[in-house]
Amino acid sequence: MPGIDETREFIALNIAVLTVSDSRTPETDTSGDVLVERIEKAGHKVAARRIVPDDTVHIRGQLMSWIADENIDAVISTGGTGLTGRDVTPEAFKSVYDKEIDGFSALFHRVSFEKIGTSTVQSRATAGVANGTFLFALPGSPGACKDGWDEILVHQLDHRYRPCNFVEIMPRLEEHKKRK
């Protein structure tokens with residue numbers, strides 16, 4: 001049965017929050033607020049927070065900066081995962097991945113289907129790893145951020161979660177670099 005193993009130590013991660021939007025400001029970024037609140041409540045640290053426009057260059061640039069920062073373990077974004085012409089977050093994320101985490105999208109859609117039915121097909125939520133940093137792109141609604149965190153990320157970013165989690169594999173994410 002999956003769950004928290006109380007015999008294991010909690011390891012706080014440094015998580016950056018990225019909001020992708022042409023219209024949100026720090027005062028109106030409710031989805032970013034949802035993520036920050038949940039990250040801190042879980043015991044992790046919000047290492048950085050930014051709002052960037054729906055533009056591949058801006059998104060990719062911010063991701064590259066955080067990927068290069070050894071003090072950031074994960075990035076969670078909100079916004080820009082839809083189907084409109086301005087929605088380019090998945091393209092920006094996929095351009096920096098070393099490896100894509102296909103199961104994240106599949107599980108997010110399963111969780112989302114329970115809440116919004118077939119409308120979940122309009123989301124292109126994605127996740128991957130780049131330079132040892134986990135990257136998660138969630139839709140821009142507060143509800144989608146709650147679902148992504150509460151149903152998936154709160155567990156996978158907790159070292160105590162069994163039978164396995166992302167935190168316990170972090171030291172091995174860059175094994176390929178050691179072989180060269």
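Both backbone and side-chain heavy atoms feed into the values below; hydrogens, waters and symmetry mates do not. The first residue in the sequence is number 1, and the count goes up from there.
- The line from NZ of Lys41 to CH2 of Trp149 is 11.5 Å long, rounded to the nearest 0.5 Å.
- Atoms OG and CZ, on Ser65 and Arg50 in that order, are 7.5 Å from each other to the nearest 0.5 Å.
- Considering all non-hydrogen atoms of both residues, Ser31 and Cys145 come closest at CB-SG, 3.8 Å.
- Looking at Tyr97 and Leu135, their side chains come closer than 4.5 Å, going by heavy atoms from C-beta outward.
- The pair Glu100-Lys94 meets the salt-bridge criterion, with a side-chain N (NZ, NE, NH1 or NH2) lying under 4.0 Å from an Asp/Glu carboxylate O.
- In the model, Thr28 has a side-chain atom that pairs as donor or acceptor with a side-chain atom of Thr25 under 3.5 Å.
- Looking at every heavy atom in both residues, Asp73 comes nearest to Leu13 through OD2-CA, 3.5 Å.
- Under the 4.5 Å side-chain criterion, counting only non-hydrogen atoms from C-beta, Phe134 is in contact with Ile169.
- The distance from the CD atom of Gln122 to the OG1 atom of Thr81 is 10.5 Å, given to the nearest 0.5 Å.
- Under the 3.5 Å distance criterion, the side-chain polar atoms of Asp147 are left unmatched by any main-chain donor or acceptor of Ser112.
- Under 3.5 Å, the side chains of Asn131 and Thr133 contain no donor-acceptor pair of N or O atoms.
- With hydrophobic clusters built from ILVMFWY side chains whose heavy atoms lie under 4.5 angstrom apart, Ile152 shares a cluster with Ile39.
- In this structure, CD1 on Ile15 lies 8.5 Å from CZ on Phe136, to the nearest 0.5 angstrom.
- Taking all atoms of both residues into account, the shortest heavy-atom contact from Ala125 to Phe108 is CB-CD2, 3.7 Å.
- Checking side-chain atoms of Thr78 against main-chain N and O of Pro139 turns up a donor-acceptor pair under 3.5 Å.
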Check your understanding: Going through the checks in order, is the side-chain contact (heavy atoms from CB on, under 4.5 Å) test met by Val88 and Asp55?
Key -> CA-CA 7 Å; Val88 295; Asp55 175 80; 5.6 Å; no

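- Between His155 and Asn165, the closest side-chain pair of non-hydrogen atoms is not below 4.5 Å.
- For the salt bridge (charged side-chain N to carboxylate O under 4.0 Å, His left out) with Asp33, the lone residue among Arg38, Arg24, Arg49, Lys146 that qualifies is Arg49.
- In terms of hydrophobic clustering, with Ile, Leu, Val, Met, Phe, Trp and Tyr side chains grouped at heavy-atom distances under 4.5 Å, Phe93 and Val17 are assigned to different clusters.
- With rounding to the nearest 0.5 Å, the separation of OG in Ser95 from CD1 in Ile59 is 9.5 Å.
- Put simply, Leu173 and Val75 are part of two different groups of oily side chains (I, L, V, M, F, W, Y) that touch within less than 4.5 Å, one to the next.
- The main-chain N or O of Ser105 is never found under 3.5 Å from a side-chain atom of Asp102 such that the two would form a donor-acceptor pair.
- Tracing side-chain contacts under 4.5 Å through hydrophobic residues (I, L, V, M, F, W, Y), one never reaches Leu153 starting from Phe113; they form parts of separate clusters.
- No donor-acceptor pair under 3.5 Å is formed between the side chain of His159 and the backbone N or O of Arg8.
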**Study point:** Verdict with supporting geometry, Asp158 and Val167, side-chain contact (heavy atoms from CB on, under 4.5 Å)
**Key:** CA-CA 6 Å; Asp158 190 329; Val167 181; 5.9 Å; no

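- Distance check, rounded to the nearest 0.5 Å: CZ of Arg162 to OG1 of Thr7 gives 7.0 Å.
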Exercise for review: Please test Ile101 against Val129 for side-chain contact (heavy atoms from CB on, under 4.5 Å), starting from the C-alpha separation and ending with a verdict.
Suggested key: CA-CA 7 Å; Ile101 305 171; Val129 179; 4.0 Å; yes

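- Across every non-hydrogen atom of Ser21 and Ile51, the tightest pair is O-CG2, 4.2 Å.
- Remark: the backbone N or O of Phe104 is not paired with any side-chain donor or acceptor of Gln156 at under 3.5 angstrom.
- Judged purely by atom type and a 3.5 angstrom limit, Arg124 uses its side chain to pair as donor or acceptor with the backbone of Gly82.
- Looking at every heavy atom in both residues, Thr84 comes nearest to Asp87 through OG1-OD2, 2.8 Å.
- Aromatic ring centres of Phe10 and His44: separated by under 6.0 Å.
- In summary, Arg160 and Asp5 do not engage in a salt bridge, as defined by a charged side-chain N under 4.0 Å from a carboxylate O.
- Linking ILVMFWY side-chain heavy atoms closer than 4.5 Å, directly or via other members, places Leu107 and Phe166 in a single hydrophobic cluster.
- Between Thr30 and Pro142, the shortest heavy-atom contact is OG1-CG, 3.6 Å.
- The main-chain N or O of Ala92 is never found under 3.5 Å from a side-chain atom of Thr56 such that the two would form a donor-acceptor pair.
- Remark: of the listed residues Leu35, Thr19, Leu18, Leu35 is the sole one forming a side chain to side chain contact (heavy atoms under 4.5 Å, CB included) with Ile76.
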